[in-house]
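Structure first, then comments.
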Amino acid sequence: MILVTGGTGYIGSHTCVALMNAGYHVAILDNLCNSRIEVLNRLARLCPVRPDFVEGDVRDPSVLDSVFARYPISAVVHFAGLKAVGDSVKNPLAYYDNNVNGSVQLLRAMQRANVKTFVFSSTATVYAGPFDEALRESDRLGASQPYGHSKLVVEEILADLQSAEPDWRIACLRYFNPVGAHESGLIGESPLGAPNNLMPYLAQVASGMREFLNVWGNDYATPDGTGVRDYLHVMDLAEAHLAALHHLQTVTSLSTKPLTLNLGTGQGYSVLEVVHAFEQASGQKIGRQFAPRRAGDIAQYWADPGLAKQVLGWQAKRGLQEMCADTWRWQLHSAKDGEPS
Ligand SMILES: NC(=O)c1ccc[n+]([C@@H]2O[C@H](COP(=O)([O-])OP(=O)(O)OC[C@H]3O[C@@H](n4cnc5c(N)ncnc54)[C@H](O)[C@@H]3O)[C@@H](O)[C@H]2O)c1
């Protein structure tokens, strides 16, 4: 059985679908600080069985010990954490507590339970730049804000742990920009309040919930002047977790370093390219206005996903049109069901 922390959240719920449809049994641990219990009913419709669920916090050792005592856990996929870069600048301690302390508590509980296979949600924001070429795993690291720094600290903790105890099997997966939703329209990203990310914001403008999109900066050194990112369909990302888990569970040679992989498509799209694709997918005109650059934003970055292909045989399959169409379907479903999106 696989323990998925943060499994009712955006990426976690899609990964549960991929895991359960591949035959894994799943137990979710989530404190529901950024997700809803209703997700479990949706997962029950998308998967052969309903996942087990424990409401609790990864920072709580007694909750963790009871989860490991109750379920025959063989591996952990760790999504639980806070993820808003801007919020992390205002509330750094909350980010270090949830993301760093949460990971340490979880790893200690795994040690107590003798479970040593661990997949960690890291991020492309751990890279320090320069950003004028595809980012590779060996590139210079350094985060300019507490969120990215909290992820980098956990990566370093995992490296120390793996070096001290080589029987651990650890993967750090650096996600680029996950977007989209399950093709059923039953699960997707449900930001609380105004979305921080482009795609959910576009969906809300297209559906009339918001008047227009602010495009932050149109004077970057990119082909159309707007920022470029490597968007990745969340189901491709979910499938990468499946591949990483399978790899860790079957690899025969022990390693002294965690397996660290970029997960992206290798292709960047500008804000305006995404807006056009979303207009096509939704059939709606999207109002937008140019606004000044946001402090701290980078002109462009994209992944070199070659190592993930080499090691896992994984490669993103879904393109920008599918990312937009699936986001739009989710937007329509969630609006119909009264789910705040
Ligand atoms: N979405 C992205 O753009 C992105 C990019 C790179 C990395 N990540 C990382 O991937 C992971 C999942 O991201 P997401 O987009 O699905 O976020 P999300 O907020 O939708 O999911 C996180 C889940 O963790 C739960 N959670 C948070 N703190 C917890 C705690 N202390 N104990 C138990 N549960 C807790 C939340 O309730 C939520 O269900 C995060 O660690 C995030 O930092 C996300």
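Predicted model, so just to flag it, every value in this text is computed and none were measured. Start at 1 and go down the list; that is how both ligands and their atoms are numbered. FYI, the numbering just counts along the sequence from 1.
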Option whose closest heavy atom lies nearest to atom 19 (O) of ligand 1, chosen from Thr15, Thr125, Asn34: Asn34

Closest heavy-atom approach to atom 30 (C) of ligand 1 among Asn31, Leu29, Val39 is made by Asn31

Taking the minimum heavy-atom distance to atom 22 (C) of ligand 1, which of Gly81, Gly7, Gly12 ranks first? Gly81

Residue-level breakdown please: for Arg59 versus ligand 1, do any non-hydrogen atoms fall below 4.0 Å on the side chain, on the backbone, on both, or on neither? side chain

Within less than 4.0 angstrom of ligand 1, does Cys33 place any heavy atom? yes

So that I can tick it off, tell me whether Glu189 and Lys83 are bridged by a salt bridge, with the cut-off set at under 4.0 angstrom between side-chain N and carboxylate O. yes

Would you kindly specify which portion of Lys151 sits under 4.0 Å from ligand 1, judged on non-hydrogen atoms: side chain, backbone, both or neither? side chain

So which atom in Ala75 and which in Gln249 form the shortest heavy-atom distance, rounded to 0.1 Å? CB-NE2, 4.0 Å

Proximity of Ser122 to ligand 1 by residue part, where a heavy atom lies under 4.0 Å: backbone

Least distance between heavy atoms, Arg36 atom then Thr8 atom: O-CB, 4.2 Å

One finds that the ligand 1 atoms under 4.0 Å from a non-hydrogen atom of Ser121 are 9 (C), 10 (O), 11 (C), 41 (O)

Considering only heavy atoms of Ser35, which atoms of ligand 1 have at least one such atom less than 4.0 Å away? 37 (O), 38 (C), 39 (O)

In terms of atom number and element, which parts of ligand 1 are under 4.0 angstrom from non-hydrogen atoms of Thr123? 6 (C), 7 (C)

Check the orientation of His241 and Tyr175. Use parallel for under 30°, tilted for 30 to 60°, and perpendicular for over 60°. perpendicular

On the six-membered ring of Tyr220, is Arg293 placed so that its NZ or CZ lies under 6.0 angstrom from the centre and within 45° of the ring axis? yes

Considering non-hydrogen atoms only, spot the tightest contact between Cys16 and Gly7 and give its length. SG-O, 4.0 Å

To the nearest 0.5 angstrom, please state how far the CG atom of Leu237 sits from the CZ atom of Phe176. 12.0 Å

If we set the cut-off at 4.0 Å for heavy atoms, which region of Leu32 has an atom near ligand 1: side chain, backbone, both, or neither? backbone

Selection from Tyr147, Phe120, Phe79 by shortest heavy-atom distance to atom 9 (C) of ligand 1: Tyr147

Which is it for Asn98 and ligand 1 at heavy atoms under 4.0 Å: side chain, backbone, both or neither? side chain

Residue-ligand contact Gly56/ligand 1, heavy atom below 4.0 Å: yes

Would you call the rings of Tyr147 and Tyr95 parallel, tilted or perpendicular, where under 30° means parallel and over 60° means perpendicular? perpendicular

